Amino acid sequence: MVEAARAVLRQYWGYPDFRPAQAAAIEALLAGREVLALLPTGGGKSLCYQVPGLVLGGLTLVVSPLIALMRDQVEALQRRGIPAVALESGLPPLLRAKLLRELETFRFLYVAPERLCLPEFRQRLTELDIRLVAVDEAHCISQWGHDFRAAYLQIGALRPLLPQARWIALTATATARVQKDIITYLSLQNPVVIQQPFYRKNFYYAVVYDVDKDKRLYQSLRKLEGSGIIYVGARRRALQLAERLRQWGFSAEAYHAGMPATLRAAVQARWLSEETRLIVATTAFGMGIDKPNTRFVLHYDIVLEPEAYLQEVGRAGRDGALAYAIALFSPSDGEALWRRLQEKYPPYHQLLRLYERLRQLWAASGKLQLELTELSRQVALAPYALRRALHLLEQEGFLTWHSERSSRSYLRSLIPAERWQDTPVALDRWIVRLGGAALFQEGVYADLAEWAYQLQISYEALYEGLEALRRRGWLTHEALPAGVEEVSLRPQAPSAEEWEALRHKYHILQRQAQLRGRFMLGYYQQRETCRPQYLLRYFEEFIGPCGQCDVCRGYYQPQRPSEAEKAQAAAWLSEKAQQPCFPAELKQKLQQLFPGKAEALLEEFLAEGKLQMVDGWRVRWHAKRPLQDSNLRPSG
């Protein structure tokens with residue numbers, strides 16, 4: 001059967017053979033064993049179940065937590081002529097029922113873990129010839145993992161319903177404790193555990209310290225050669241930084257999940273073909289992308305989790321040649337990390353307040369179509385924190401947040417196709433072209449942001465066109481106005497016991513997030529331990545000093561200012577930096593007053609809170625409330 005697998009690989013993917021870890025996982029599966037595969041980013045995890053799925057025949061059930069990743073995988077399989085489908089939560093009932101009836105015609109079925117909790121869907125699975133179950137991003141099953149998702153705990157309940165199926169769990173990063181949880185909660189039977197070392201000898205790790213990140217970014221990019229990825233923490237930052245790089249003369253483009261799919265694909269294609277040198281991206285970039293000659297990954301903003309950091313830097317140097325993992329760090333990043341963790345895991349009482357407000361709105365209207373900016377103001381939660389809170393409440397089953405409805409919609413024509421031919425409105429004719437024959441049958445589930453991009457019009461203009469067609473009685477649609485999202489609450493409010501269970505679970509998640517954050521802050525701040533040696537300790541992989549990172553090369557012999565010099569510098573800054581100014585200007589002046597110690601002075605004042613970052617790029621003197629610790633503070 002291994003030869004059959006190689007034949008499938010050559011036929012559909014065009015590769016001559018598997019990588020060693022892929023071959024081990026596939027051979028074990030085809031021999032009837034269950035598998036836990038821990039393959040680093042770029043290790044080709046998807047082939048470990050896609051190829052055996054085709055060899056074994058029948059249907060392969062793939063559980064994945066990410067809608068975007070499911071769509072990418074399904075589209076990639078379809079391009080190769082392999083029937084695949086994803087059952088997304090936002091599908092309208094008519095289309096969902098049609099797909100459920102036709103599941104026997106597919107070879108791969110992708111679902112989110114929450115769908116497996118639905119009794120009617122479980123019953124449908126028992127009617128199918130499912131021969132392989134693949135659980136992707138399996139670390140989500142553990143509360144000790146970096147992205148716990150409660151519905152993953154229910155996946156193991158499928159085993160009695162699918163007694164003939166073989167099982168494989170896959171993840172890029174998992175500690176020993178998380179591995180144990182995966183095996184236990186999925187009830188994997190004597191699994192073959194395949195784990196590649198995380199350490200890659202062709203990497204140079206470095207942390208670049210400076211209050212002026214832009215200067216250091218410019219200098220680094222001038223020195224580094226080849227293609228690279230610059231990771232940032234927010235979509236707006238990606239756009240701003242890409243524009244700044246272009247102004248400096250670099251070939252750079254932004255990439256984030258909020259961009260239309262066609263635009264994302266075009267940006268990615270230009271980078272893969274070397275037409276664009278630099279991608280400035282959020283974490284959305286890199287999944288399933290294989291560009292072996294990527295020479296560097298540079299992190300502009302501080303990373304919250306070692307798992308994420310290792311996955312992202314692993315997208316460089318896959319050809320075995322020297323690659324660079326560069327992180328920029330300013331002392332104010334310690335406070336920034338704490339703020340971002342507060343947004344990712346808002347205080348528990350804010351979850352309660354948000355749910356109570358949603359319950360009030362639900363009682364008043366019977367349905368919830370909300371402007372999140374207004375809701376953010378009402379419950380005093382920052383927009384990102386609000387989205388995280390909605391996501392957390394949805395995971396507990398307290399509500400359903402139809403986040404994909406913000407741009408995706410079901411459309412169906414109410415009149416025959418021939419009546420559309422006489423319309424004088426160009427937009428109407430384009431809607432027919434984009435919707436195709438299905439528009440006049442069961443209807444289409446369309447990405448309207450993508451349609452708007454292809455038509456070169458705004459989403460608002462497209463929505464107004466759809467509304468005009470609805471008023472004329474030509475079309476039915478479920479599109480929402482720009483900025484509006486839909487939330488549904490379950491009929492019965494959560495019990496006191498459910499809230500208490502959430503509080504306990506949430507405390508563990510917060511605590512684990514803080515521990516990971518402290519670990520990463522230590523990685524950035526420390527200058528004594530070999531970088532990869534420090535990082536891999538988290539994954540219980542122990543190596544000697546690498547001999548080539550910035551620490552091993554002995555780059556850090558800082559000159560520290562005396563207390564008298566600090567007092568003099570503080571007096572000067574309190575006068576000269578009352579108004580926001582750029583760090584480079586202050587550093588230049590301090591260098592004249594305190595040769596060799598300007599950077600250390602700025603670092604210490606930022607860490608103590610006496611210098612405050614404003615508007616993301618400038619600083620000002622703010623010594624009213626000095627901070628005693630630049631590390632994380634416990635959440636409220």
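Bear in mind the structure is a predicted one, so any value in this text is a computation, not a measurement.
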Open item on the list: Does Q73 form a side-chain hydrogen bond (donor to acceptor under 3.5 Å, both in side chains) with Q50? I'd like the steps, not just the answer.
Closed with: CA-CA 10 Å; Q73 294 282 353; Q50 289 174 347; 2.9 Å; yes
From CA spacing to verdict: side-chain hydrogen bond (donor to acceptor under 3.5 Å, both in side chains), T171, H139: CA-CA 6 Å; T171 183; H139 59 268; 2.7 Å; yes
Determine, step by step, whether C546 and Y199 satisfy the side-chain contact (heavy atoms from CB on, under 4.5 Å) criterion, reporting the C-alpha distance in whole Å, the side-chain angles of both residues, the deciding distance to 0.1 Å, and the verdict. CA-CA 10 Å; C546 72; Y199 178 51; 3.4 Å; yes
Checking V280 against V232 for the side-chain contact (heavy atoms from CB on, under 4.5 Å) test, could you report, in this order, the C-alpha distance in whole Å, the side-chain angles of both residues, the deciding distance, and whether it holds? CA-CA 7 Å; V280 185; V232 295; 4.1 Å; yes
Worked check of side-chain contact (heavy atoms from CB on, under 4.5 Å) between R315 and I229:
CA-CA 9 Å; R315 289 169 182 144; I229 307 170; 4.2 Å; yes
Give the intermediate values and the outcome of side-chain contact (heavy atoms from CB on, under 4.5 Å) for residues V193 and V35. CA-CA 6 Å; V193 179; V35 174; over 6 Å; no
**Message:** Please evaluate residues E500 and R503 with respect to the criterion salt bridge (charged side-chain N to carboxylate O under 4.0 Å, His left out), reporting the C-alpha separation (whole Å), side-chain torsions for both, the decisive distance (0.1 Å), and the verdict.
**Reply:** CA-CA 5 Å; E500 177 57 25; R503 188 195 65 78; 2.7 Å; yes
* Step by step, work out the side-chain hydrogen bond (donor to acceptor under 3.5 Å, both in side chains) result for Y538 and E307. => CA-CA 9 Å; Y538 178 86; E307 296 93 340; 2.8 Å; yes
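By the 6.0 Å and 45° rule, R295 does not stack over the aromatic ring of Y324. Geometrically, K213 engages Y300 in a cation-pi contact, judged by NZ or CZ lying under 6.0 Å from the ring centre and within 45° of the ring axis.
If you take CG on L390 and CG on L370, they are separated by 8.5 Å, rounding to the nearest 0.5 Å. Atoms CD and CE, on E88 and M70 in that order, are 6.5 Å from each other to the nearest 0.5 Å. Note that CZ of F519 is 14.0 Å distant from CG of L304, once rounded to the nearest 0.5 Å. Here the CG atom belonging to D210 is positioned 12.0 Å from the CZ atom belonging to F329, to the nearest 0.5 angstrom. Annotation: the span from Q196 atom CD to E541 atom CD amounts to 10.5 Å, rounded to 0.5 Å.
A salt bridge is defined here as a Lys NZ or Arg NE, NH1 or NH2 lying under 4.0 Å from an Asp or Glu carboxylate O, and R387 with E485 meets this definition. In summary, E253 and R270 engage in a salt bridge, as defined by a charged side-chain N under 4.0 Å from a carboxylate O. One finds no salt bridge joining D136 and K45 here, because no Lys/Arg side-chain nitrogen approaches an Asp/Glu carboxylate oxygen to under 4.0 Å.
Using a 30° and 60° split on the angle between ring planes, F285 and W271 fall in the perpendicular class, above 60°. Using cut-offs of 30° and 60° for the angle between ring planes, the Y534 and Y523 rings count as tilted. The aromatic rings of F398 and W499 sit perpendicular to each other, their planes meeting at more than 60°, with 30° as the lower class boundary. Under the 30°/60° scheme for interplanar angles, the aromatic rings of Y218 and F250 are found to stand perpendicular.
The minimum heavy-atom distance between P306 and L535, with the atom names listed, is CB-CD1, 4.3 Å. Contact record, A28 with V192: CB-CG2, 4.0 Å, taken as the closest heavy-atom pair.
When only modelled atom types and interatomic distance are considered, Y309 and R516 share no side-chain donor-acceptor pair under 3.5 Å. A donor atom on one side chain and an acceptor atom on the other are found under 3.5 Å apart for Q395 and H391.
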